[in-house]
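Chain letters run A, B, ... following the sequence lines, proteins first and then strands; every chain starts at 1. All values reported here derive from a predicted model rather than from experimental measurement.
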Amino acid sequence: QSALTQPASVSGSPGQSITISCAGSRSDVGSYNLVSWYQQPPGKAPKLLIYEVTKRPSGVSNRFSGSKSGNTASLTISGLRTEDEADYYCCSSAGSSSLKVVFGGGTKLTVL
Amino acid sequence: EVQLLESGGGLVQPGGSLRLSCAASGFTFSGYAMTWVRQAPGKGLEWVSSISGGGGGTYYADSVKGHFTISRDNSKNTLYLQMNSLRVEDTAVYYCAKEGVYGSSLLWYFDSWGQGTLVTVSS
């Protein structure tokens, strides 16, 4: 089973909004509301931003929001800040197949 | 505060073995599934293996099935990954991560991560 498909890079200016897409299939994103998103600054461990498609853990800014349509999930970051510059990964359950969890290839966000 | 501390990484020759450990604190360890995720140098995240809170359920990526074994010792609040027949392509930082939901349900999201331990497989 292939990784979920994300754009390799996105960029934006401070204060703007950007959206990162995560394309999957009927076997993963399309079948389960179990999409999560992670932020990974350079040289650091990933941090959970969004789970179950739209939910935010306590302590995560409401500038981060998630959504899903069909087989594609999306992460939107509003009011971009320089500290948002990082790699972002989507993740989905893949159900009863042997591959339980699949990650996207990652998107590097540059805040210009 | 949840803390996850991995150890056991290092340099090993192809075909060799290593056992990674992840010491957990700050939560009821036995109540949560745990997962190993790896990241090859300059690459993305890859799910490796997960284990239920009680240890009775284990899950593996096809790429490691048959040569990695996940286990846990709830009396020691420690997660393990036994890695045998290591290959060059197993070179990565290995993270342990905590499942986000308490109990037997697995929602496959990870709300706490360790800092990772580097495994290098090279001759």
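Interface remark: B:V93 contributes no atoms to any contact with chain A (heavy atom separation under 4.5 Å). Residue B:Y95 touches chain A through its side chain alone, counting heavy-atom pairs closer than 4.5 Å. Proximity to chain A (any heavy atom under 4.5 Å) is restricted, for B:E46, to the backbone atoms N, CA, C and O.
Between chain B and the residues A:P46, A:S92, A:G104, the largest count of heavy-atom pairs under 4.5 Å involves A:P46.
With sequence neighbours left out, A:C90 forms a disulfide (SG to SG under 2.5 Å) with A:C22.
Annotation: cation-pi geometry satisfied between B:K98 and B:F27 (NZ/CZ under 6.0 angstrom from ring centroid, within 45° of ring axis). Both tests hold for B:R72 against B:F29: distance to the six-membered ring centre under 6.0 Å, angle to the ring axis within 45°.
Residue pairs that meet the salt bridge (Lys or Arg N to Asp or Glu O under 4.0 Å) test with at least one member in residues 81-90 of chain B, sequence neighbours left out, are B:R38-B:D90.
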